[in-house]
Amino acid sequence: MEDPNKQPNSGQTAGENKSLNFIEQIIEEDIRTEKYGKRVHTRFPPEPNGYLHIGHAKSICLNFGLSKKYGGKCNLRFDDTNPTKEDTEYVDSIKEDVKWLGFDWDGEYYASDYFETLYEYAVKLIKKGKAYVCDLTQEEIAATRGTVTTAGTLSPFAQRSIDENLDLFARMRKGEFEDGTKVLRARIDMASPNMLLRDPILYRILHAEHHRTGNDWCIYPMYDFAHGQCDSIEHITHSICTLEFEVHRPLYEWFIKELEIYAPQQIEFARLNINYTVMSKRKLLSLVQENVVNSWDDPRMPTICGLRRRGYTPEALQNFAEIISVAKRDNVIDVSLLEHCLREDLNKKAQRVMAVLNPIKLILTNYPENGEELLDAVNNPEDISTGLRKVPFSRELFIDQDDFMEVPQHKFFRLSPGNEVRLKSAYIIRCNDVIKNADGSIKELHCTYDANTRTGLSDSNRKVKGTIHWVSVRHAVEIETRLYDKLFLPENPEDIEEGEDFRSNLNPDSLKITSSFAEPFIKNMKPLDKVQFERVGYFCVDADSTSEKPVLNKTVGLKGSWQKTV
RNA sequence: UGUCCCGUGGUGUAACUGGCAACACGUCUGACUCUGAAUCAGAAGAGUUCAGGUUCGACCCCUGACGGGACAACCA
């Protein structure tokens with residue numbers, strides 16, 4: 001019997017037995033107490049100075065997911081307060097990536113939309129005697145800030161009168177001063193144990209063209225003076241951000257309090273880390289700039305565009321975000337979990353195709369010289385509604401080198417001399433002879449097929465140990481296969497010897513471009529289409545693909561306990 | 001040696017807010033299979049960083065250690 005006094009479902013979502021993550025718990029508590037009425041309004045606030053990566057995907061899924069779950073809203077806001085680093089190229093790519101991931105934002109905003117308001121906020125602080133114009137140089141400001149264990153010293157300019165500050169700040173805006181000669185600072189506490197509270201800079205002079213406001217401004221707010229207020233202006237309820245902004249929270253709250261404006265609740269979570277890769281924008285940028293990879297959307301990159309080109313699906317990424325959940329402790333997720341989510345999705349969706357990556361020729365000596373037939377093959381056994389396709393079969397075939405062993409090792413149940421194996425969707429064959437080249441390497445395999453064992457025929461359910469894939473030589477389509485491996489060798493790319501950096505951990509074999517043979521069906525595929533090369537792995541048609549020469553990116557291999565060389 | 005945050009199987013996340021730890025990935029068995037995939041069945045693996053305290057009882061509360069992380073850009 002249940003204790004009637006026990007709170008039902010506390011810590012549990014109604015209807016599900018999945019427990020709530022710590023953010024959901026806070027939100028549900030806020031809804032219960034009507035802290036913001038019953039509103040939930042989140043936002044995803046990227047700076048348009050680079051491409052989004054899978055860490056951002058976690059944040060996107062979190063913010064948009066929360067608003068969806070609680071029937072709220074989620075804005076897309078670009079924190080574009082530094083015109084020297086930002087560009088519309090990035091806002092476009094960010095919007096594309098968010099949409100592709102499967103989300104629609106309620107409002108599209110820019111911190112630059114609020115420049116005038118932010119300026120007024122600054123004036124308000126000056127009028128309250130809480131901000132002043134400081135003429136110290138960058139070096140002097142750094143030197144007087146103190147250290148983490150010792151207090152800083154007050155700027156000599158902190159004593160300026162309100163009127164003088166008002167005048168100077170207005171003239172900063174007018175463009176009367178050179179870059180770097182003056183800044184507006186908040187007057188807080190030079191002795192605060194929180195360095196960010198030691199009279200932080202609010203505005204700096206930057207005679208730079210902004211991607212949206214052009215040359216309207218020559219002073220720009222610092223991120224810290226913009227971010228929290230933007231959330232306030234948009235009436236965000238829960239400002240979700242990563243852990244490093246935890247120390248900034250007191251500053252944001254100070255601004256909100258002094259400005260007497262709406263107060264959102266900031267909640268920090270641990271950013272995503274995945275082993276064998278790097279996630280910092282700076283490092284990813286260096287990989288692109290130094291041509292370690294070919295572009296931001298190189299399929300080896302953990303960028304959203306890179307993953308897309310690699311063959312990832314939005315569903316796989318969303319599910320991944322769901323499974324890793326969110327917490328405050330530092331974490332390193334095993335790539336195998338990401339790949340699991342990918343395979344799980346692709347297994348249900350991918351068109352099956354046969355392709356041979358390391359060909360070895362096989363001749364069916366008892367098959368008619370010019371004989372040829374079209375066999376039925378299942379498009380996707382996980383989804384029979386996708387039906388069948390025709391695969392051409394003939395006397396000469398390619399099979400994969402891995403599927404043949406002249407001297408089979410224990411438990412090898414593919415092809416070997418004297419043994420039978422099934423050709424997927426075709427016949428059972430037996431290997432009779434191994435023909436060799438002068439150097440001893442295998443030239444071709446001579447086999448015989450059993451005509452009654454064709455898929456669907458009387459003897460077709462005869463049991464044989466193995467089934468292998470194949471491609472008819474005469475009908476084979478030559479394709480380019482780009483085989484990707486992890487970008488870094490050690491689990492932690494930052495794990496380096498003295499004097500080296502993460503680049504020394506790069507995997508020299510992260511990309512292998514090879515030529516392979518596929519069944520003709522591959523010609524029907526368009527860029528971004530996904531296929532599973534049976535028994536090999538999932539592949540995705542690359543944008544470089546042409547009808548003469550299809551190009552396939554290896555997305556991820558199939559799981560397998562036996563050793564594959566692909 | 002400052003302030004703040006964090007510490008649960010190999011990895012990640014839970015544990016109804018005090019009743020001796022669950023789920024997922026991974027790993028290993030076995031079944032099935034015209035993909036050594038998928039699917040199905042099962043196993044191993046932590047006694048919750050450590051030491052005290054409160055309590056009948058602590059992963060959960062308190063204290064202290066230890067360990068990890070964040071913070072001193074006119075970056076975000």
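None of the values given here were measured: they were computed from a predicted structure. Every chain is numbered from 1, with letters handed out A, B, ... down the list of sequences. Note: hydrogens, waters and symmetry copies are ignored here, and every other heavy atom, side chains too, is used.
- The nearest whole Å value for the distance from the CG atom in Asp334(A) to the P atom in rA24(B) is 17 Å.
- Residue-level contact check: Val332(A) touches the backbone only, with heavy atoms under 4.0 Å from sugar-phosphate atoms and none from bases.
- Between Ile141(A) and Asn21(A), the one whose closest nucleotide on RNA chain B sits nearer the 5' end is Asn21(A).
- For the residue pair Ser336(A) and Asp334(A), a side-chain donor N or O sits within less than 3.5 Å of a side-chain acceptor on the partner.
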Write out a two-atom table: protein N or O, nucleotide N or O from nucleotides 67-69 of chain B, distance below 3.5 Å.
| unit_1 | atom_1 | unit_2 | atom_2 | d |
| --- | --- | --- | --- | --- |
| rG69(B) | O4' | Asp330(A) | OD2 | 3.4 |

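- Within 4.0 Å (heavy atoms only), Leu136(A) reaches at least one base atom of the nucleic acid.
- Residues in residues 193-203 of chain A take part in these salt bridge (charged side-chain N to carboxylate O under 4.0 Å, His left out) pairs, two or more places apart or across chains: Arg187(A)-Asp199(A).
- Heavy atoms of Arg462(A) sit nowhere under 4.0 angstrom from any nucleic acid atom.
- Across the protein-nucleic acid pair, His227(A) atom NE2 and rC75(B) atom C1' stand 14 Å apart, rounded to whole Å.
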Q. Does the pair Ile54(A) and Met279(A) meet the rule for a side chain to side chain contact (heavy atoms under 4.5 Å, CB included), with working shown?
A. CA-CA 8 Å; Ile54(A) 190 170; Met279(A) 214 66 95; 3.6 Å; yes
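- Of the P atoms belonging to rA51(B) and rC56(B), the separation is 22 Å, rounded to the nearest Å.
- Along RNA chain B, the nucleotide nearest to Asn194(A) and the one nearest to Ala327(A) differ in position, and the one closer to the 5' end is contacted by Ala327(A).
- Residue Arg145(A) is classed as a sugar-phosphate contact, given heavy-atom separations below 4.0 Å to backbone atoms only.
- Residue Tyr203(A) is classed as having no contact, given no heavy-atom separation below 4.0 Å to the nucleic acid.
- Spacing of P atoms, rC4(B) relative to rU63(B), comes out at 12 Å, to the nearest Å.
- Contact annotation for Met222(A): backbone-only contact, meaning every heavy-atom pair under 4.0 Å involves sugar-phosphate atoms and none involves a base.
- Here rG47(B) is in the syn range [glycosidic angle within 90° of 0].
- Ser325(A) comes within contact range of the sugar-phosphate backbone alone, with a heavy-atom separation under 4.0 Å but no base atom that close.
- Here rU11(B) is in the anti range [glycosidic angle more than 90° from 0].
- As rounded to the nearest Å, rG69(B) and rC61(B) have C1' atoms that lie 25 Å from one another.
- Between the side chain of Arg329(A) and the base of rU8(B), a donor-acceptor pair under 3.5 Å is found.
- To the nearest whole angstrom, the two C1' atoms, one in rA65(B) and one in rA73(B), are 35 Å apart.
- In summary, of the residues considered (Asp403(A), Asp402(A), Asp400(A)), a side chain to side chain donor-acceptor pair (under 3.5 Å) with Arg535(A) occurs for Asp403(A) alone.
- In this structure, the NE2 atom of His340(A) is 5 Å from the P atom of rC25(B), given to the nearest Å.
- Contact annotation: the side chain of Arg343(A) approaches that of Lys559(A) to within less than 4.5 Å [non-hydrogen atoms, C-beta and beyond].
- Spacing between atom CG of Leu375(A) and atom P of rC34(B) amounts to 17 Å, rounded to whole angstrom units.
- Per the geometry, NE2 belonging to His207(A) stands 13 Å off C1' belonging to rC74(B), to the nearest Å.
- Across all strands, Val378(A) comes closer than 4.0 Å to no nucleic acid atom at all (heavy-atom distances).
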(Q) Dot-bracket, 5' to 3', for RNA chain B please: Watson-Crick or G-U pairs under 3.5 Å, [ ] where pairs cross earlier ones, | where the partner sits on another strand, dots elsewhere. (A) .((((((..((((.....[..)))).(((((.......))))).....(((((..]....))))))))))).....
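- When each of Lys390(A), Arg389(A), His469(A) is paired with Glu519(A), the side chain to side chain donor-acceptor pair (under 3.5 Å) condition holds for Arg389(A) and for no other.
- With rA14(B), rU3(B), rA76(B) as the choices, the nucleotide that has an atom nearest any side-chain atom of Pro193(A) turns out to be rU3(B).
- Atoms CD (Glu339(A)) and C1' (rU11(B)) sit 14 Å apart, rounded to a whole Å.
- Per the geometry, CD belonging to Glu139(A) stands 15 Å off C1' belonging to rA72(B), to the nearest Å.
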Under 3.5 Å, which donor-acceptor pairs link side chains of residues 177-184 of chain A to any protein atom two or more places apart or in another chain?
| unit_1 | atom_1 | unit_2 | atom_2 | d |
| --- | --- | --- | --- | --- |
| Asp179(A) | OD1 | His207(A) | N | 2.9 |
| Asp179(A) | OD2 | His207(A) | N | 3.4 |
| Thr181(A) | OG1 | Glu178(A) | O | 2.7 |

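- For Pro156(A), the side-chain contact (heavy atoms from CB on, under 4.5 Å) partners are Leu136(A), not counting sequence neighbours.
- Under the side-chain hydrogen bond (donor to acceptor under 3.5 Å, both in side chains) criterion, Asn49(A) pairs with Glu47(A), Lys281(A), sequence neighbours left out.
- Dashed line: the shortest gap from a side-chain N or O of Arg204(A) to OP1 or OP2 of rC75(B) is under 4.0 Å.
- Straight-line distance between the P atoms of rG64(B) and rA76(B): roughly 38 Å, to the nearest whole Å.
- As rounded to the nearest Å, rA46(B) and rG7(B) have C1' atoms that lie 14 Å from one another.
- Separating the CG atom of Asn331(A) from the P atom of rA14(B) is a distance of 11 Å, rounded to the nearest angstrom.
- Residues passing the ring pair (Phe, Tyr, Trp, His ring centres under 6.0 Å) test with Phe78(A), sequence neighbours excluded: Tyr110(A).
- With sequence neighbours excluded, the residues satisfying side-chain contact (heavy atoms from CB on, under 4.5 Å) with Phe115(A) are Thr81(A), Ser112(A), Leu118(A), His210(A), Thr213(A), Trp217(A), Tyr220(A), Pro221(A).
- Qualifying ring pair (Phe, Tyr, Trp, His ring centres under 6.0 Å) partners for Tyr90(A), counting only residues two or more places apart in sequence or in other chains: Tyr51(A).
- As rounded to the nearest Å, rC6(B) and rU13(B) have C1' atoms that lie 15 Å from one another.
- Under the ring pair (Phe, Tyr, Trp, His ring centres under 6.0 Å) criterion, Phe157(A) pairs with no residue, sequence neighbours left out.
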Q: Sugar-phosphate atoms are those with a prime plus P, OP1 and OP2; base atoms are the rest. Using that split, label each nucleotide of nucleotides 35-49 of chain B B, S or - for protein heavy atoms under 4.0 Å, 5' to 3'.
A: BBBS-----------
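- Proximity of the aromatic rings of Phe255(A) and Tyr121(A) is defined here by a centroid distance below 6.0 angstrom, and this criterion is not met.
- Across all strands, Gln138(A) comes closer than 4.0 Å to base atoms (heavy-atom distances).
- Heavy atoms of His248(A) sit under 4.0 angstrom from at least one base atom.
- For rA76(B), one of the phosphate oxygens OP1 or OP2 lies less than 4.0 angstrom from a side-chain nitrogen or oxygen of Thr81(A).
- Rounded to the nearest Å, the gap between the P atom of rG26(B) and that of rG12(B) is 15 Å.
- Phe398(A) pairs by the ring pair (Phe, Tyr, Trp, His ring centres under 6.0 Å) definition with Phe517(A), not counting sequence neighbours.
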